[in-house]
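The next block holds one structure in the form of structure tokens; read it before the comments.
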Amino acid sequence: MAASMPCKDCASGVLHEGTPSGREETMHGFKTYVTDPPSGEAAKGIVVIIPDVFGWTLNNSRVLADRYAERGAYTVYLPDFMDGYVMDPQLLSTISTVTDAGTPVLHKIFPGLRAMTHMPFALYHCRASVCKPRIFAFFAALRSSTSLPVGAAGFCWGGKYVTLLCQDSEKTSSGKPLLDCGFTAHPSQLVLPTDIEAVKLPLCISNGSEDFQLKPEGNEMIEEIFARKELELNPDGKRGKMFEMNVVEGARHGFAIRGNPGDEDEKRRGQMAEDQAVDFFGRWLVPN
């Protein structure tokens, strides 16, 4: 099962309010948003966010990075893996207008055309042939530079790469895995069952029951594969599940990063994904 990206549903949603508390630095050759644990707390680990197609500057992603840092006492990095490209955040509302069933057809024409003009640029700048090497190089450099445990959180476009990293197919020059564990919400472009069958490192996936990418059959397939892997790779279960598939009822694609905080149901679903990530990192992002 494969999915193309980006598309209208991968780029719809709501821009969140809130002022990010971190800073911009250059980390291992990449411009990076960096946020730290609350003042006085030592970092327990490092979480790298691989974002959706809106990239490293989206306010939603930076505020979420701050939340991970605050709740888990992590240093969180949000790098520019798209080499300066980011999809215009105004498209969040534009595409929501196009996809809203209540919008009159005539009112969808110009927003639809505007959205379509951005898709070829997103496809070009976010193509796997250039982005995957950047992402893996960043993790290799980071892993070799720190003794702290390293985790990754990926959303939509970024979810594919967290899954690939958790396959443990590449290692540092000293033979270490590039990360300790991963979390992804509503991942795009997964090839099922191949991508999930190859996973070896702890991975948690949060996906909506109404997601257009994986759909119910995709959720079920991952649950079955993860159940087998749990028996094979985590028989004692001392730290809880090593492979988690959480299906959030009623949630659509993008719910964990671009849901409407003014809608109580969407806010609750986004909070569930955040809680799942913090809980999973709390169990698996620990010193070896």
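Heavy atoms only: backbone and side chains are in, while hydrogens, waters and symmetry mates are out.
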Over all heavy atoms of both residues, which pair between [X] and [Y] is shortest? Give the atoms and the distance, please.
| X | Y | answer |
| --- | --- | --- |
| Asn219 | Gly208 | ND2-O, 3.6 Å |
| Gly282 | Val286 | O-CG1, 3.9 Å |
| Leu179 | Ala152 | CD1-CB, 3.7 Å |
| Glu230 | Met242 | OE2-N, 2.8 Å |
| Asp195 | Thr163 | O-CG2, 3.9 Å |
| Met82 | Cys126 | SD-SG, 3.7 Å |

Does some side-chain heavy atom of [Y] sit less than 4.5 Å from a side-chain heavy atom of [X]?
| X | Y | result |
| --- | --- | --- |
| Ile135 | Val48 | no |
| Leu78 | Thr35 | no |
| Thr75 | Asp36 | yes |
| Val162 | Pro187 | no |
| Ser188 | His253 | yes |
| Val34 | Glu24 | no |
| Cys156 | Arg258 | yes |
| Asn59 | Pro20 | yes |

Would you call Arg62 and Asp66 a salt bridge, using N to O less than 4.0 angstrom?
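Asp66 and Arg62: not salt-bridged.
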
Salt-bridge test for Glu210 and Arg269: reply yes if a basic N is under 4.0 Å from a carboxylate O, no otherwise.
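So Glu210 does not pair with Arg269 through a salt bridge.
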
Please list, chain by chain and in numerical order, all residues satisfying side chain to side chain contact (heavy atoms under 4.5 Å, CB included) with [X], sequence neighbours excluded.
| X | result |
| --- | --- |
| Asp83 | Arg134 |
| Thr146 | Ile46, Leu142, Leu148, Val150 |
| Ser129 | Arg127 |

Calculate, to the nearest 0.5 Å, the distance between atoms [atom1] and [atom2] belonging to [X] and [Y] respectively.
| X | Y | atom1 | atom2 | answer |
| --- | --- | --- | --- | --- |
| Leu64 | Leu58 | CG | CG | 10.5 Å |
| Met87 | Thr57 | CE | OG1 | 12.0 Å |
| Ile196 | Leu203 | CD1 | CG | 6.0 Å |
| Glu274 | Arg67 | CD | CZ | 4.5 Å |
| Leu178 | Cys166 | CG | SG | 10.0 Å |
| Lys160 | Gln213 | NZ | CD | 11.0 Å |

Can you name the residues that form a side-chain hydrogen bond (donor to acceptor under 3.5 Å, both in side chains) with [X], not counting sequence neighbours?
| X | result |
| --- | --- |
| Arg228 | Glu197 |
| Tyr77 | none |
| Glu25 | Arg23 |
| Asp180 | Arg143, Asn288 |

Residues Gln271 and Asp275: side-chain donor-acceptor under 3.5 angstrom:
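Their side chains do contain a donor-acceptor pair, which is all the 3.5 Å distance test asks for.
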
Could you please spell out the steps behind the side chain to side chain contact (heavy atoms under 4.5 Å, CB included) verdict for Phe54 and Ile257?
CA-CA 11 Å; Phe54 288 93; Ile257 200 76; over 6 Å; no

Quick one: does any side-chain atom of [X] pair with a main-chain N or O of [Y] as donor and acceptor, under 3.5 Å?
| X | Y | answer |
| --- | --- | --- |
| Asp80 | Trp56 | no |
| Tyr33 | Gly22 | yes |
| Ser206 | Ala185 | no |
| Trp284 | Lys241 | yes |
| Thr172 | Ala140 | no |
| His186 | Asp211 | no |

For Lys44 and Leu285, run side chain to side chain contact (heavy atoms under 4.5 Å, CB included): C-alpha distance rounded to whole Å, both residues' side-chain angles, the deciding distance at 0.1 Å, then the answer.
CA-CA 8 Å; Lys44 296 178 181 178; Leu285 193 61; over 6 Å; no

Going hydrophobic residue to hydrophobic residue with side-chain gaps under 4.5 angstrom, can you get from Leu233 over to Ile225?
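In one cluster: yes.
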
Through direct or indirect side-chain contacts below 4.5 angstrom among Ile, Leu, Val, Met, Phe, Trp and Tyr, which residues connect to Met272?
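In the cluster with Met272 are Val248, Phe255.
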
By the ring-ring contact (aromatic ring centres under 6.0 Å, His included) test, which pairs, at least two apart or in different chains, include something from residues 124-152?
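For residues 124-152, and leaving out neighbouring residues, the ring-ring contact (aromatic ring centres under 6.0 Å, His included) pairs sorted by first residue read His28-Phe138, Phe30-Phe138, Phe81-Phe138, Tyr85-His125.
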
Take Phe155 and Ser61, measure what side chain to side chain contact (heavy atoms under 4.5 Å, CB included) needs, and give me the verdict at the end.
CA-CA 9 Å; Phe155 301 89; Ser61 297; 5.9 Å; no

Only counting residues at least two apart or in another chain, list the ones meeting ring pair (Phe, Tyr, Trp, His ring centres under 6.0 Å) with Tyr74.
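Not a single residue meets the ring pair (Phe, Tyr, Trp, His ring centres under 6.0 Å) criterion with Tyr74.
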
Those residues that, when tested against Phe281, pass ring pair (Phe, Tyr, Trp, His ring centres under 6.0 Å) (two or more places apart)
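By the ring pair (Phe, Tyr, Trp, His ring centres under 6.0 Å) rule, Phe281 matches no residue at all.
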
Counting only heavy atoms not in [X] (residues, nucleotides, ligands), do more than 12 fall under 6.0 Å from its [atom1]?
| X | atom1 | answer |
| --- | --- | --- |
| Lys229 | NZ | yes |
| Lys200 | NZ | no |
| Arg252 | CZ | no |

For Lys171, all residues meeting salt bridge (charged side-chain N to carboxylate O under 4.0 Å, His left out), sequence neighbours excluded
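Asp168.
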
